[in-house]
Structures are given as structure tokens and as C-alpha cells.
Amino acid sequence: MTRSMEKIVALCKRRGFIFQNSEIYGGQNGFWDYGPLGTELKRNVRDAWYHDMISAHNELIKPDGAPSNYQMVGVETALIMHPQVWKCSGHYDLFHDMMVDCRETKARHRLDQVRIRKVSFEGESVEQEDGSRLDSVYVSTMSDEDFEAELTSEALRAFGKKKKYADRLQWDGDATTLDRIPESDFNIVVGPGATKAGTLTSPREFNLMMKTVIGALGTDDDAAFLRPETAQGIFVNFKNVVDSCRVKLPFGICQVGKSFRNEITPRNFTFRSREFEQMEIEFFCRPDQSAGWYTYWRDRRYEWYQKLGISADRLILRDHHAEELAHYSVGTADIEYAFPFLDDGEFGELEGVAHRGDFDLRSHMEGKLARDAAGELAVEQNEHGQPRHRGSGKDLSYFDDQARERFIPHVIEPSAGADRATLAFLCEAYEEDEQPDDKGNMQSRTVMKFHPRLAPIKAAVFPLIKKEGMPEKAAEIFGELKAAGLSCQYEQQGAIGKRYRRQDEIGTPYCITVDGDTASDGTVTLRDRDSTEQIRVKVADVVQEISERLNS
RNA sequence: GCGGAUGUAGCUCAGUGGUAGAGCACCACGUUGCCAACGUGGCUGUCGAGGGUUCGACUCCCUUCAUCCGCUCCA
């Protein structure tokens, strides 16, 4: 396999794309630093996104596939927000997962995902961890679908009975989940896959939000959180933007910025990091048009990656099944990439496009929402019948002065990972091919085939040899490219072939070489990264030629 | 968090209880002059970190950090 993650990670380090964070101190798990080339690459990814989604968007023209024309604006909000934001958004409750470990199977489970049911079998017993025997135990499974059948087979296994005795199991109560029984009963629970009862540890809290402290005195009352997503900064500013910027529905508010999550297992290079950057759009529209906008954004974002060089056979658009949807979502699709660290047929999420209905704006008006008994979203109540988490109380509805209607807009959220996109472009670009050396023998070559828009270095300028005025002429051309705002490099050391290979390895699409003919006919060679072919171009036309190729 | 593996020059890796090596890369000079590995010379390491045993530790022991694989988790 030529495209291995190991090789890509090594190249990233060797050539200055991505480094382990705090490496000289032994590193910090879950954090990564971008080197000079990685910084250029990631900035190009962000710039391409911002340009294509916002700057270059023409609000006067209805794009193909869109229900109507629309506006796009940007915001940049603080990393730290009022703690109530996270309570109403649902993160505060959801990000405090209670987990149990199993001493026997070494497995860790989310408390609310362990299905259990109490059972006995005609006075027979199950061994407890300490050796004593129990004639009534809870059996458990992590199975979500068909858990009733799973619980039955787990029960038969616990009592050492064959399948045909299933109807002799004596169930005590209905199936429930582990978070609904007291911890004192854990000693009679047979953990998922375990053979003995009582091997589960006490539940422990995993706080997925990163905590910080505001103020120099920093007491517990001053606790705040680093945002786990940029989206809430947009929602809480919805009214500000509407009131200040002459925007009319439908319109999108966008934001690029860092977010933080205490991932339990950061892994797979930068794919799952604790500090990461998001590129988010919250697109506000009339509820009766939201389905059309959802489809529009989903398809548009899927195409965006392909236009920047991701091949269609490594990218999938995956609609979530109904049961996979978050409680607030009407529809969600993931845009996923076949990263080299995944098994064949597996894909990793680059971006989620979610139809969020009016959940977010309503939450910040009324308070944290949850599904009620009828399945409708309603303000979640505490034991006193009060809102569990109180909203802002501000009116975030929108008045449509054409239709003379007031309503809470629906939201379509295309939420992309800047680091994940950058990683996908890195993985996609990596290629090893064969090129002839000066004797015509084929030699392997490592080449990063970045889309020219994303390439960290757009062009390299070389004098063929270090004399006869060539370095001076090359320096002049280099200066002109720089002045035109193009990121480029100058190299004069080493054989010309080696310089080409070095540029191939960092994905520079074009190399310009000043040679013996330059002085006489005023031309240089322009060499293409992918084909290695060269053409002659007039020195005076170099900047324009490169610029045109980059924009084509 | 659990289990397994790994950590020695920029990279790939050798190495022995007695003051650390090779190839490549890099730099300089020379040569060639349009697709890497020609000649000569040169630079480089707190042998992942901390502690212990020892007269002496890269080597033995403990702890820790990071990376990879598997499990778990992934709003």
C-alpha cells in the first residue's frame, strides 16, 4: 500500500506540515501544531471555504439547486461564553457522560446505554465476583436493536442454560437501563459479556467540555467552559445580526474558529483532537422552505470537497438513519472521507449537515428543550415544574415583512472541520509514482498532488546553475511572484532534479527554471508537478501565466 | 481508561553493564548542467523524561510521557 498513514504522518513532520504539540517536552496527547507549510495549507483551506461560501457569494442571483437567492455574512465570537449558553444548548447535560468500567471484561460503557433486566431461573444461581452465589441477577447488553432477545440469551448464558429453556426464565420487571437503578444494586449486575455478577465499577463522570476559570481569583463560582462548538456564538448573535445588518431571510451566518472537547481517546493523527477548528454555517430560513435548503446545502457542501480535489470514490454523503439522529434533528447527513487509517469501506466524518429545525433559537428563548411524552420538543422541567435550564427570555423570532408573518426560523447547519478537511486534503494529495532519472531509469517519487488553490507553495524558482547571472535573474522573478502575493520558494543548491523532487514532495504545482537560454531569448522553463512536463514562457509573462493557471 | 508493541543524530535503523555507530538527509568546495542517491570535506545526539540499583546504565529495575495496534468512547 503506497498511501499509508504512517508515511503521510512522517512526511508531515519531515517537511513542516504538522508537528506533535509540545514535542520537546514529550508531547501533549490530543493536541497538534501546524508548521510553516501546514499553516499555509490550512489557511488555504479556510480561505477557500470562506471565499466560496461567503465572499464570492452573490446574493442577487439564485444559485442552481437553491430554493431562492440568499445572503451570507460572517461573525467571529469569543471562545468563552456565558455558562447558561451551554446549559440551554444541551451540551452541559449531554457532555457529562456517566461511565462504568467492567473489571472482568475491561470494557467501558456509557451508563445510559447499558440495557438491563432482572431475572432468575428456578432457584439456580450465578457466581458473584467475590465467589458467593446469587439466584436473582440483572443481565445486560449493549445491544440497541433487538435488546430483548439479547437479554434473553445473556440470561441463559449467565445461568448456563440452553436456548430451549428460554421460557423458563423468570423475569422480574421490564428491561431498563443501568442509570435507572441505584448503585447499590450494581453488585447483582452481570456486565455486558461478563460471566460473574458485580464486576462493574461505580459510575464515573466524563466531562467532555473543557473547563476554565474566569478572573484572577478563580473560585469555583467563576468556572466557565471553552466552547465545544462555534455554532452557539452564532445563535446567540442571531438577533444582533438581524437588527444591525439589513439581512433578510433566508440568510446564513458563518464562523471559523477553534473549539475544544475532552475527547476520551484522541487518536488518528489530527482527526480526533481536543483542540480543533470548525468552519460553520448556520443558515436561517422559513420553516416551510427548510427541506429544500437542507438538500441544497448538503449537495453543495459535498461538491465543494470534490472541486478541491477529493476523489468521488473516497468521499461519501451519508444520510443518517432516523434512530441515529440527535433528538433535535429533522435530518442529518455526514460528508465522510475514506481516511487511510480506517479499514476498507469505512469513512470518517469531515462535515455534518444538519436540519436543526427551530431547536437552537427556541432553546435560547425558552430554555433547554427535550422531547416530551408526546414526542414534541418542549422546555425540560425540573422536579419543581420549573425549566431545568432557563433560556434568555429574549424574543428571537423573525418578522417576514413580505408575508406579514412572525415565526422562529429553521436552521440548516453545515458544520465542517477545518483540521479534518486539511487532513483529508493531505491524505488525498499523497501519491507515489515513477519518474525517469537522468539516465532514463525509473525512480519512485513522492508527490503531494494538492489542488493548486490549496498548495502551500504555488511556485518555486531555480537558477539551473549558480553562475552566469542565473541566480540574479531567478531572484528577480522570485521577487515579482512574491510581489504578486504568491507564496513561493527560491532554491539554488543541489542538482536540478533533486530540487524538483523536493518541491514535488511539498506539492508545489509549478517550478520555474532560469537556464542558459534565458539571457539570450528572455524565456524560462515552467515545469508542471503532475506531468513533469515543461514549456518555455517569457520572463515577462511568468507572473500572469502562474496566476492564470492557479485560477483555472 | 484497559491490553499489546515501540521510543538511540533531521529521517531509517544498528549497538554493548565501561566515555555512541552506519546509511540517507543537510552544509561547504569541486564537477555535471533539466528531473534524487558524482568526488572531497564538514555538522549533528542531554540514546523520550524522571527516579533507583551499580565504582560505572543507552543497556538492569520502577515510575511517567508520547506514538502505533486492538477494545472502549466519539456530543
Side-chain angles (χ1 to χ4, degrees), chain A residues 4-7 9-11 13-16 19-32 86 89-97 99-111 113 142 192-193 201 204 206-209 228-229 231 259-269 271-274 326-329 341 343 348-349 352 354 415 434-447 462-468 470 493-505 511-517 524-529 531-534 536:
Chain A
S4 77
M5 203 60 209
E6 206 175 326
K7 287 181 181 176
V9 172
L11 187 143
K13 184 183 173 184
R14 183 158 40 88
R15 303 310 305 266
F19 305 125
Q20 169 71 41
N21 169 268
S22 306
E23 193 183 6
I24 61 169
Y25 284 104
Q28 184 72 18
N29 192 4
F31 297 88
W32 298 90
W86 308 113
S89 70
H91 290 88
Y92 183 83
D93 291 341
L94 277 171
F95 271 37
H96 288 70
D97 286 341
M99 314 280 289
V100 288
D101 291 323
C102 177
R103 281 184 287 266
E104 183 183 336
T105 64
K106 305 295 181 196
R108 167 175 295 162
H109 310 288
R110 241 173 76 176
L111 209 57
Q113 288 182 350
M142 294 306 293
T201 63
R204 282 187 294 173
F206 280 70
N207 190 346
L208 273 2
M209 274 204 289
E229 63 172 31
S259 294
F260 301 81
R261 294 177 192 182
N262 275 319
E263 296 291 350
I264 295 170
T265 312
R267 204 166 280 197
N268 290 330
F269 203 28
F271 184 78
R272 172 157 292 123
S273 299
R274 288 179 168 147
H327 60 288
Y328 48 75
S329 186
F341 52 76
D343 292 334
E349 182 183 344
S415 171
E434 301 254 306
Q435 295 294 339
D437 63 13
D438 57 346
K439 296 176 190 66
N441 301 318
M442 297 308 277
Q443 301 286 350
S444 77
R445 165 179 89 139
T446 300
V447 52
F462 312 142
L464 185 59
I465 56 175
K466 274 187 287 184
K467 52 190 174 191
E468 294 167 24
M470 292 184 203
Q493 66 277 44
I496 187 74
K498 180 171 273 187
R499 284 179 262 167
Y500 284 141
R501 297 300 170 84
R502 271 201 291 252
Q503 293 298 328
D504 289 341
E505 213 183 29
C511 292
I512 293 147
T513 302
V514 172
D515 62 13
D517 295 339
V524 291
T525 60
L526 175 63
R527 181 257 197 190
D528 179 82
R529 177 193 66 200
S531 66
T532 77
E533 282 166 8
Q534 0 186 12
R536 294 206 74 90

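Bear in mind the structure is a predicted one, so any value in this text is a computation, not a measurement.
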Query raised in the report: Looking for any heavy atom pair under 4.0 Å, which part of the strands does L464(A) touch: base, sugar-phosphate only, or nothing?
Result: base
Query raised in the report: Within the structure, does a side-chain N or O atom of K7(A) lie under 4.0 Å from either OP1 or OP2 of C11(B)?
Result: no
Report task. To the nearest Å, give me how far apart CD (Q28(A)) and P (U64(B)) are. Result -> 16 Å
Query raised in the report: If each of G27(A) and N268(A) is mapped to the nucleotide of RNA chain B with the nearest heavy atom, which maps nearer the 5' terminus, i.e. the 5' end?
Result: G27(A)
Query raised in the report: Do any side-chain nitrogens or oxygens of N29(A) fall under 4.0 Å of OP1 or OP2 in C65(B)?
Result: no
Query raised in the report: In whole angstroms, how far is the C1' atom of C35(B) from the CZ atom of R499(A)?
Result: 11 Å
**Report entry** Euclidean distance, atom CZ of residue F19(A) to atom C1' of G10(B) [Å, nearest integer]
**Finding:** 11 Å
**Report entry** Atom pair distance, as rounded to whole Å: CG in D343(A) and P in C69(B)
**Finding:** 10 Å
Requested in this report: Under a 3.5 Å limit for both distances, which nucleotide forms a Watson-Crick or G-U wobble pair with A25(B), could you say?
Outcome: none
Query raised in the report: Under the 3.5 Å rule, do the base of C35(B) and the side chain of R527(A) count as making a donor-acceptor pair?
Result: yes
Query raised in the report: What do you reckon, is CD of Q493(A) surrounded by more than 12 foreign heavy atoms closer than 6.0 Å?
Result: yes
Report summary line: Per atom distances to the R267(A) side chain, the nearest of C69(B), C34(B), U67(B) is C69(B)
Query raised in the report: Below 4.5 Å, heavy atoms only, C-beta onward: do Q435(A) and V447(A) meet side chain to side chain?
Result: no
**Report entry** Distance between P atoms of G52(B) and U40(B) (Å, rounded)
**Finding:** 48 Å
Report task. Could you measure between the two P atoms, the one in C58(B) and the one in G18(B), and give it in whole Å? Result -> 11 Å
Query raised in the report: Any idea which of G33(B), C26(B), C34(B) is nearest the R502(A) side chain?
Result: C26(B)
Query raised in the report: Does the ring centre of F341(A) sit less than 6.0 Å away from the ring centre of F271(A)?
Result: yes
Query raised in the report: When you compare G30(B) with C68(B), how far apart are their P atoms, in angstrom units rounded to a whole number?
Result: 45 Å
Close N/O contacts between protein and nucleotides 28-30 of chain B (under 3.5 Å):
none

Requested in this report: With sequence neighbours excluded, tell me which residues meet salt bridge (charged side-chain N to carboxylate O under 4.0 Å, His left out) with E263(A).
Outcome: R272(A)
Requested in this report: Sticking with atom C1', work out how far G23(B) lies from A14(B), rounded to a whole angstrom.
Outcome: 11 Å
**Report entry** C35(B) base / T532(A) side chain donor-acceptor hit below 3.5 Å
**Finding:** no
**Report entry** Distance-only donor-acceptor test (3.5 Å): side chain Q534(A), base C34(B)
**Finding:** yes
Requested in this report: Please measure how far the C1' atom in A9(B) lies from the corresponding atom in C43(B), and state the result in whole Å.
Outcome: 10 Å
Query raised in the report: R501(A) CZ to A25(B) C1': how many Å, rounded?
Result: 16 Å
Query raised in the report: Side chain of Q20(A), backbone of Q28(A): donor and acceptor closer than 3.5 Å?
Result: yes
Report summary line: Paired to A14(B) by Watson-Crick or G-U wobble criteria (both distances under 3.5 Å) is none
Query - Which atom of R501(A) lies closest to which atom of S444(A), heavy atoms considered - result: NH1-O, 4.0 Å
Query raised in the report: How long is the line joining CD of E23(A) and C1' of A49(B), in whole Å?
Result: 14 Å
**Report entry** G-U wobble or Watson-Crick pairing nucleotide for G30(B) (cut-off 3.5 Å, both distances)
**Finding:** C38(B)
**Report entry** R14(A) vs E505(A) side-chain heavy atoms within contact, under 4.5 Å
**Finding:** yes
Query raised in the report: What does E229(A) touch in the nucleic acid at a heavy-atom separation under 4.0 angstrom: a base, only the sugar-phosphate, or nothing?
Result: nothing
Query raised in the report: Can any side-chain N or O of R499(A) pair as donor or acceptor with the backbone N or O of G494(A) at less than 3.5 Å?
Result: yes
Query raised in the report: What interatomic distance, in whole Å, is found between P of A57(B) and the corresponding atom of G51(B)?
Result: 13 Å
**Report entry** Separation of U67(B) C1' from M5(A) CE (nearest whole Å)
**Finding:** 13 Å
Report task. Map D528(A) and R14(A) onto RNA chain B by nearest heavy atom, then report which one ends up closer to the 5' terminus. Result -> R14(A)
Query raised in the report: Do D517(A) and R536(A) have side-chain heavy atoms sitting under 4.5 Å apart?
Result: yes
Query raised in the report: Mind checking the C1' distance from G7(B) to A49(B)? Whole angstroms is fine.
Result: 11 Å
Requested in this report: Indicate, with a heavy-atom threshold strictly under 4.0 Å, whether F341(A) touches base, sugar-phosphate, or nothing.
Outcome: nothing
**Report entry** For G3(B), the Watson-Crick or wobble counterpart (both distances under 3.5 Å)
**Finding:** C69(B)
Query raised in the report: Taking a pair as Watson-Crick or G-U wobble with both distances under 3.5 Å, which nucleotide is matched to A9(B)?
Result: none
Query raised in the report: Separation of F271(A) atom CZ from U67(B) atom C1', in whole Å?
Result: 18 Å
**Report entry** For U64(B), the Watson-Crick or wobble counterpart (both distances under 3.5 Å)
**Finding:** G48(B)
Report summary line: Winner on side-chain proximity to K13(A), out of G1(B), A25(B), C11(B), is C11(B)
Query - Validation row: C511(A), F462(A) side chains within 4.5 angstrom (heavy atoms) - result: yes
**Report entry** U31(B) to U8(B) separation - C1' atoms, rounded to the nearest Å
**Finding:** 36 Å
Query raised in the report: Which nucleotide, in any strand shown, forms a Watson-Crick or G-U wobble pair with U53(B), with both distances under 3.5 Å?
Result: none
Query raised in the report: Under 4.0 angstrom, heavy atoms only, what part of the nucleic acid is S444(A) near: base, sugar-phosphate, or nothing?
Result: base
Report summary line: Quick note, Q20(A) side chain, CB onward, closest among C34(B), A66(B), A36(B) is A66(B)
Requested in this report: Answer yes or no: is there a side-chain heavy-atom contact under 4.5 Å between E229(A) and W86(A)?
Outcome: yes
Query raised in the report: So, does the side chain of Y500(A) form a donor-acceptor pair with the base of C34(B) at under 3.5 Å?
Result: yes
Report task. Look at all strands and tell whether D504(A) reaches a base, only sugar-phosphate, or nothing, counting heavy atoms closer than 4.0 Å. Result -> nothing
